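Since the structure comes first, as structure tokens, the remarks are kept for the end.
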Amino acid sequence: MKHDPALNPSALRQRAAAHRAMALAALRANSSLSIRLKRYNDHMAKARALETKASATPTRNPRTALSWIKSGQSVRIDALNLPDHLRHIHALAALEAAGGEA
């Protein structure tokens, strides 16, 4: 099975969660208040940037979109109108019914 080399939203969210944890650890570090605050702000800025990137990561691969849906991630469908949106939904449903092999 071939994998998309780009980071998927869940990997980006995991990295963001790691930066949030590092930010909290920076607050408890044994250093001056200004250094702790600087490290906290740096890690939180990175976490926010990763969350923003994760929510804006596009895909044109229906198998990737289906795997994101199965993992609990939300997927936004850019469609011109309702019939086009429904066409995408039916295509994902057909791919799911075929076991992701279509």
Side-chain angles (χ1 to χ4, degrees):
M1 180 175 174
K2 212 172 163 189
H3 293 286
D4 189 5
L7 287 175
N8 64 29
S10 70
L12 292 172
R13 286 188 179 101
Q14 287 174 352
R15 286 180 52 203
H19 278 288
R20 274 194 238 75
M22 287 185 272
L24 293 175
L27 290 177
R28 295 186 294 269
N30 188 14
S31 56
S32 69
L33 179 61
S34 63
I35 296 297
R36 288 183 286 166
L37 184 60
K38 180 185 178 303
R39 288 179 182 163
Y40 172 82
N41 287 333
D42 288 343
H43 283 296
M44 287 306 291
K46 289 176 186 176
R48 286 185 204 104
L50 287 168
E51 282 289 337
T52 302
K53 187 175 179 182
S55 65
T57 302
T59 182
R60 299 216 183 273
N61 185 339
R63 287 178 189 81
T64 304
L66 184 61
S67 68
W68 290 350
I69 292 169
K70 285 181 175 181
S71 69
Q73 304 298 324
S74 62
V75 174
R76 191 178 110 217
I77 297 174
D78 289 331
L80 301 173
N81 50 35
L82 181 60
D84 188 36
H85 182 83
L86 292 175
R87 182 178 59 82
H88 288 290
I89 297 296
H90 292 303
L92 286 171
L95 185 61
E96 168 68 17
E101 300 295 325

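The residues of the chain are indexed from 1 along the displayed sequence. Bear in mind the structure is a predicted one, so any value in this text is a computation, not a measurement.
- Between Asp42 and Lys38 a salt bridge is recorded (basic side-chain N to carboxylate O distance below 4.0 Å).
- The two residues Ala26 and Arg36 make their nearest non-hydrogen contact at O-CG, 3.1 Å.
- The NZ atom of Lys46 sits 12.0 Å away from the CG atom of Asn41 when rounded to the nearest 0.5 Å.
- Counting heavy atoms of neighbouring residues, nucleotides and ligands inside a 6.0 Å radius, atom CZ of Arg39 does not exceed 12 of them.
- Atom CG of Leu50 and atom CZ of Arg13 lie 11.0 Å apart (nearest 0.5 Å).
- Classification of Arg15 and Glu51 as a salt-bridged pair fails, no side-chain N sitting under 4.0 Å from a carboxylate O.
- Between Leu92 and Pro62 the shortest heavy-atom distance is CD2-O, 3.7 Å.
- Checking each of Met22, Arg28, Arg20 against Leu24 for a side chain to side chain contact (heavy atoms under 4.5 Å, CB included) leaves exactly one that passes, namely Arg28.
- Note that NE2 of His85 is 12.5 Å distant from CG of Leu80, once rounded to the nearest 0.5 Å.
- Rounding to the nearest 0.5 Å places CG of Asn30 at 12.5 Å from CD1 of Ile35.
- The shortest distance between side-chain heavy atoms of Met44 and Tyr40 falls below 4.5 Å.
- Summarising the geometry, atom CG belonging to Leu33 is positioned 6.5 Å from atom CG belonging to Leu37; distances are rounded to the nearest 0.5 Å.
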